[in-house]
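Take a look at the structure set out below.
No experiment lies behind these values; they were computed from the predicted model shown. Starting from 1, each residue takes its place in the sequence as its number. Both backbone and side-chain heavy atoms feed into the values below; hydrogens, waters and symmetry mates do not.
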Amino acid sequence: MEAYVQFALYALLLLGVSVVAAYLPMAKSLKDSQLHLLIALAAGIFLGLLLFMLLPEAIEECEHGDIDTHYAMMAVALGFLTILIINVILKEKHKATCGCECHGELHGHRLTSMSSFIGLAIHAACDGLALAAMFMAGEEVGLMATIGLCIHKFVELFSLSSTMLLSDLGKKRSLRMLGAFSLITPAAGAIFFALFRDMEVEGTLGLPLAFAAGTLMYVTMCDMIPESFHRIKQEKVALALLIVGVAIMLAVALLFPHEH
């Protein structure tokens, strides 16, 4: 029972950090130009997350599970195509219900926010499995995993919240969605911990993480980076902030490397 209580405390800490990070971008009203610069920073964070954490971790996990890395790349492609298909379906559904011909910025921002939410939700569930696996590897490993995930979730929720500021979802609805998103990793972790506590789970994360990497690849490359450079007069500043975001995730990856 003590292990379950300790895991619950770690999960609650992770949830608290996520909620704070989700609320911060919405705590103060920002101008449109400022919002687009915030998106540039978020895009850099997502790009760094993809290149320095998700893809390397997916490949490493596949190798631990004796899974051919070609299958990992197939899972990446499947994740990318899944979010692309979902995005097209959302767009077509929106066109059918909207009744307008322009489908301008607010429409595009809503689609960007929804595809970001879906892609990161898949990733968040994988984080829950990773947290459970690392916690089962030992108390010290679980503590370091929780600290690393808290930092990881802070930048992730901050970035997702920033993308929602540009949409027409409304602050209340956005906060409800972010609250639900914050629950995914702790809830998934608790479920996986209860199910697999007495089982060997190392090496089983490879393909799910690769799939999550593919979803985040679409969100980053096709949604957020184009949105970051939406304002031509701000391109240089946007580029600088994108590089800062990548540098932040590089620092996180170097300071809190995942160890098997």
Side-chain angles (χ1 to χ4, degrees), residues 36 38-63 65 67-91 108-130 148-149 152-164 166-167 181 184-185 188 205-230 238-239 241-253 257-258:
H36 278 85
L38 195 59
I39 292 297
L41 177 63
I45 290 172
F46 281 7
L47 185 60
L49 172 64
L50 174 67
L51 297 177
F52 303 139
M53 292 186 176
L54 266 184
L55 281 174
E57 182 64 17
I59 293 172
E60 186 179 351
E61 283 289 342
C62 282
E63 290 174 347
I67 299 172
D68 193 320
T69 52
H70 287 87
Y71 291 114
M73 294 301 101
M74 291 177 191
V76 170
L78 181 60
F80 185 96
L81 291 173
T82 298
I83 297 301
L84 172 60
I85 292 169
I86 290 173
N87 213 37
V88 170
I89 293 172
L90 288 173
K91 189 179 293 184
H109 292 153
R110 170 175 283 196
L111 293 172
T112 296
S113 297
M114 290 304 298
S115 61
S116 298
F117 183 91
I118 293 168
L120 287 172
I122 296 170
H123 173 213
C126 291
D127 280 343
L129 177 54
L149 273 176
H152 173 69
K153 284 299 168 187
F154 185 90
V155 293
E156 186 177 80
L157 266 295
F158 185 89
S159 301
L160 181 59
S161 180
S162 300
T163 68
M164 289 187 170
L166 279 170
S167 74
F181 181 88
I184 293 175
T185 296
L205 283 172
L207 294 181
L209 281 174
F211 182 84
T215 65
L216 191 63
M217 183 181 292
Y218 178 88
V219 169
T220 304
M221 304 295 187
C222 301
D223 283 340
M224 296 194 67
I225 290 180
E227 185 63 41
S228 301
F229 295 93
H230 191 56
L239 177 60
L241 286 172
L242 189 146
I243 293 172
V244 168
V246 173
I248 289 172
M249 292 313 297
L250 176 59
V252 171
H258 171 62

Handout entry: Reported CG-to-CZ distance for the pair Leu47 and Phe52, which is rounded to 0.5 angstrom
Key = 7.5 Å

Exercise for the section: Compare every heavy atom of Ala72 with every heavy atom of Cys62, then report the nearest pair and how far apart it is. Expected result: SG-CB, 3.7 Å

Problem - Ile59 side chain reached by Met73 side chain, heavy atoms, under 4.5 Å - result: yes

Exercise for the section: Sorted by first residue and then second, give each side chain to side chain donor-acceptor pair (under 3.5 Å) pair with at least one member in residues 70-84; sequence neighbours left out. Expected result: Asp68-His70

Practice task
Could you list the residues that satisfy ring pair (Phe, Tyr, Trp, His ring centres under 6.0 Å) with Phe80, not counting sequence neighbours?
Solution key: Tyr218

Practice task
Can you sort out the partners of Ile225 under side-chain contact (heavy atoms from CB on, under 4.5 Å), two or more places apart, ordered by chain and number?
Solution key: Ala43, Thr220, Met221, Phe229, Leu242

Problem - Shortest non-hydrogen contact between Ala213 and Val76, atoms and distance - result: CB-CG2, 4.5 Å

Practice task
With rounding to the nearest 0.5 Å, note down the distance linking CE in Met217 to CG in Leu55.
Solution key: 5.0 Å

Problem - Straight-line distance of Leu241 CG to Ile248 CD1, nearest 0.5 Å - result: 9.0 Å

